[in-house]
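What follows is a single structure, written as structure tokens, with notes after it.
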Amino acid sequence: MADMGAFRDEVGAWAAGGPGEPARKLAVRLGVRTAVLLEGASDLAAVQALAARRGRDLAAEGVCVVSMGGAMSVGRYAGLLGPTGLGLRLAGLCDEREQRYFDRGLTRAGAPRRDIFVCAADLEEELIRALGTARVEETVRAEGDLRAWQTFQRQPAQHGRPREQQLRRFLGTKKGRKIRYGRLLVEALEPDRVPAPLDGLLASI
């Protein structure tokens, strides 16, 4: 039986230049009503983790969370999935420095921008600030990454940098680490400490 993951894969293939008919058929079969456009896989992991914490099954609700592989792809995805494509409602999360790509892409696709939520630097920075560095380091220790973190801190480039910036950079130093910690940091949050952009996005879909 087809699931939302299959639809996500077909959308990715369509955005890469493949045929759109498989995605169209799956959208109808699965009752997809909303597409959440995200810059990367770590954002997707965080959104899915928060939805799970709140007892929501986004796929059952007709919501597909899409990792676009970068903000510059938003025009392509918005055109395929929004009013001029599959006619889905669009929501999303982006970094402040990438907001212009979302604004431009959604405008061209004829989609409203009211459900696009903006992080100051990126979602990792929002999560680190919400948790505090001590709690993030506890999570790093619990995951068995303490030695790697300590080695990273000793690098000359990290001397004198604020701990928040060091942690944010550390999360991006190994393939797959940002994705793993996107989920872990959300799971470590107190319910009332969810960053506003992430909280607003979940509330909007």
Side-chain angles (χ1 to χ4, degrees), residues 4-5 7-18 23 32 34-53 58-59 63-82 85-86 88-109 111-131 136 164-165 167-187 189 194-205:
M4 199 62 78
F7 174 69
R8 187 184 299 115
D9 291 343
E10 291 295 349
V11 168
W14 189 13
V32 185
T34 299
V36 180
L37 305 180
L38 304 173
E39 294 183 42
S42 61
D43 299 329
L44 187 149
V47 170
Q48 291 181 324
L50 184 59
R53 280 194 62 174
L58 296 181
V63 177
C64 183
V65 186
V66 179
S67 169
M68 302 181 295
M72 288 185 286
S73 298
V74 67
R76 176 69 172 159
Y77 278 86
L80 297 179
L81 301 176
L86 296 186
L88 305 180
R89 174 173 168 261
L90 301 181
L93 188 73
C94 68
D95 305 342
E96 191 174 67
R97 66 180 178 275
E98 312 291 6
Q99 185 177 0
R100 66 186 184 279
Y101 297 117
F102 274 72
D103 289 346
R104 187 182 309 136
L106 268 67
T107 296
R108 288 177 177 173
R113 292 173 287 168
R114 63 178 177 270
D115 292 326
I116 303 300
F117 297 84
V118 182
C119 300
D122 55 27
L123 185 54
E124 287 75 28
E125 189 266 346
E126 296 275 358
L127 290 169
I128 291 167
R129 186 169 66 247
L131 282 165
V136 176
E164 293 87 348
Q165 292 182 17
L167 282 164
R168 181 170 164 246
R169 181 70 186 92
F170 173 73
L171 296 183
T173 56
K174 183 179 179 180
K175 185 177 181 180
R177 184 177 282 157
K178 278 180 68 174
I179 299 171
R180 181 160 54 99
Y181 278 92
R183 173 180 60 82
L184 290 168
L185 296 184
V186 167
E187 291 175 348
L189 287 168
V194 177
L198 186 57
D199 189 49
L201 174 65
L202 259 291
S204 76
I205 57 178

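Just so we're clear, the structure is a prediction, and the values are computed from it rather than from any experiment.
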Can you tell me how far apart [atom1] ([X]) and [atom2] ([Y]) are? Round to the nearest 0.5 Å.
X    : Y    : atom1 : atom2 : value
L58  : L50  : CG    : CG    : 9.5 Å
E164 : L131 : CD    : CG    : 12.0 Å
L88  : C64  : CG    : SG    : 8.5 Å
L123 : L38  : CG    : CG    : 9.0 Å
R108 : R104 : CZ    : CZ    : 6.0 Å
F102 : L37  : CZ    : CG    : 6.0 Å

Quiz item: Given R129 and E125, is the salt bridge (Lys or Arg N to Asp or Glu O under 4.0 Å) satisfied, shown in steps?
Solution: CA-CA 6 Å; R129 186 169 66 247; E125 189 266 346; 2.4 Å; yes

Residue pair [X] / [Y]: nearest heavy atoms and the distance that separates them:
X    : Y    : value
S204 : F117 : OG-CE1, 3.6 Å
L106 : P112 : CD2-O, 3.3 Å
A23  : L86  : O-CD1, 4.4 Å
A71  : E98  : CB-CB, 3.5 Å
A130 : P195 : CB-CG, 4.0 Å
G82  : L90  : CA-CD1, 3.8 Å

Donor-acceptor contact present, side-chain [X] to main-chain [Y], <3.5 Å:
X   : Y    : result
Q99 : C94  : no
R53 : L189 : yes
R8  : V65  : yes

Quiz item: Would V11 and V32 satisfy side-chain contact (heavy atoms from CB on, under 4.5 Å), going step by step from the backbone distance to the final call?
Solution: CA-CA 12 Å; V11 168; V32 185; over 6 Å; no

Quiz item: Salt bridge check: are R183 and E187 linked by an N-O gap of less than 4.0 Å?
Solution: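 Salt bridge between R183 and E187, a charged N being under 4.0 Å from a carboxylate O: yes.
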
Exercise. Verify side-chain contact (heavy atoms from CB on, under 4.5 Å) between D103 and I116, making sure each step is shown before the conclusion.
Key: CA-CA 9 Å; D103 289 346; I116 303 300; 5.9 Å; no

Self-check item: Candidate list L127, V186, D199, test side-chain contact (heavy atoms from CB on, under 4.5 Å), partner V194, passing option
Solution: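 Filter result, single survivor: D199.
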
Does [X] have any salt bridge (Lys or Arg N to Asp or Glu O under 4.0 Å) partners at least two apart in sequence or in another chain, and if so, which?
X    : value
R177 : none
D9   : none
E124 : K178

Quiz prompt | Worked verdict on R89 versus D115 for side-chain contact (heavy atoms from CB on, under 4.5 Å) | solution = CA-CA 9 Å; R89 174 173 168 261; D115 292 326; 2.8 Å; yes

Exercise. Assess whether side-chain contact (heavy atoms from CB on, under 4.5 Å) is satisfied between C119 and E96, documenting all intermediate values.
Key: CA-CA 6 Å; C119 300; E96 191 174 67; over 6 Å; no

Practice problem: Determine whether V118 and L93 make a side-chain contact, defined as any pair of heavy atoms from C-beta on separated by less than 4.5 Å. | Solution: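 Sidechains of L93 and V118: no contact.
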
Practice problem: Determine whether L198 and E126 make a side-chain contact, defined as any pair of heavy atoms from C-beta on separated by less than 4.5 Å. | Solution: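 No, side chains not in contact.
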
